[in-house]
Amino acid sequence: MDTLEAIYTRRSVRDFTQDVVSKMDVQDLLKAGMQAPSAKNERPWHFIVINDPDVLHAVPSFHPHAKMLFDATLAILVCSDRRLELKRASWIQDCSAATENILLAAHAKGLGAVWLGVFPDADRVQGMQTLLALPPEIRPMALVAVGHPASRPEAIDRYDESRVHYNGW
Ligand SMILES: Cc1cc2nc3c(=O)[nH]c(=O)nc-3n(C[C@H](O)[C@H](O)[C@H](O)COP(=O)(O)O)c2cc1C
């Protein structure tokens, strides 16, 4: 799948089979995340790979939109390390770019994934910090549920000419 096809056809997948995501696939997703652009090339991210069903199943107790984790065999938490955010406060953008790269890589590899928002919801941030015993300087930004899709939503063309402006508003 080429890059534009991946971008145009990616959708959130929330319906997974019980097939395990291979270590090689996990490695590719992490590589894609770390390949993202970041302000001043700070790369403040850390990635926590979660494949323990007990941990996955605990997330919906504090995250109301994460019930698909009862089916998913894998999730990747994208975090920022305050100690690496030295030059700019761009960690949300940096981690968001990494998260989107993971979503696109998953789709390109025939996997399915969905972005589960964590930051800035205080309950979700606290829930992830407690569940994964995160040090205080590690800020959870987004959780990506990943798996082999049991079903996949159809691609949608969302191009909207009315949102495009040239050389000013
Ligand atoms: C910041 C952010 C937070 C999101 N949080 C959730 C979530 O908690 N649960 C969920 O099922 N989907 C979540 N999504 C996925 C969106 O619902 C989804 O991207 C949107 O509806 C568009 O659908 P698509 O991804 O299939 O194109 C989130 C997406 C973003 C960018």
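First listed ligand is number 1; within each ligand, the first listed atom is number 1.
- Heavy-atom proximity to His63, at under 4.0 Å, picks out these atoms of ligand 1: 8 (O).
- Between His165 and Trp169, the two ring planes are parallel [angle under 30°; tilted spans 30° to 60°].
- For atom 18 (C) of ligand 1, the nearest protein heavy atom lies closer than 4.0 Å.
- In terms of modelled atom types and a separation under 3.5 Å, the side chain of Arg11 and the main chain of Pro153 share no donor-acceptor contact.
- On a distance-only criterion, Gly117 and ligand 1 share at least one N/O pair closer than 3.5 Å.
- Closest heavy-atom contact between Pro136 and Arg82: O-NE, 3.9 Å.
- Annotation for ligand 1: atoms under 4.0 Å from non-hydrogen atoms of Met68 are 11 (O).
- Nearest heavy-atom pair across Pro149 and Thr17 is O-CG2, 3.9 Å.
- Side-chain polar atoms of Gln126 and Thr130 form a donor-acceptor pair below 3.5 angstrom.
- Counting protein heavy atoms only, atom 6 (C) of ligand 1 is closest to Trp115 O, 3.0 Å.
- Looking only at heavy atoms of the protein, atom 20 (C) of ligand 1 is closest to Ser12 OG, 4.7 Å.
- Contacts between Arg158 and ligand 1, counted as non-hydrogen atom pairs separated by less than 4.0 Å, involve the side chain only.
- Closest heavy-atom approach to atom 16 (C) of ligand 1 among the candidates Arg14, Arg11, His65, Met141: Arg14.
- With hydrogens and angles ignored, the 3.5 Å screen pairs a side-chain donor or acceptor of Asn101 with a backbone N or O of Ala32.
- Ring geometry, Phe70 versus His57: the interplanar angle falls from 30° to 60°, so the pair is classed tilted.
- Counting heavy atoms only, Leu116 comes closest to atom 7 (C) of ligand 1 of the residues Ile156, Val144, Val118, Leu116.
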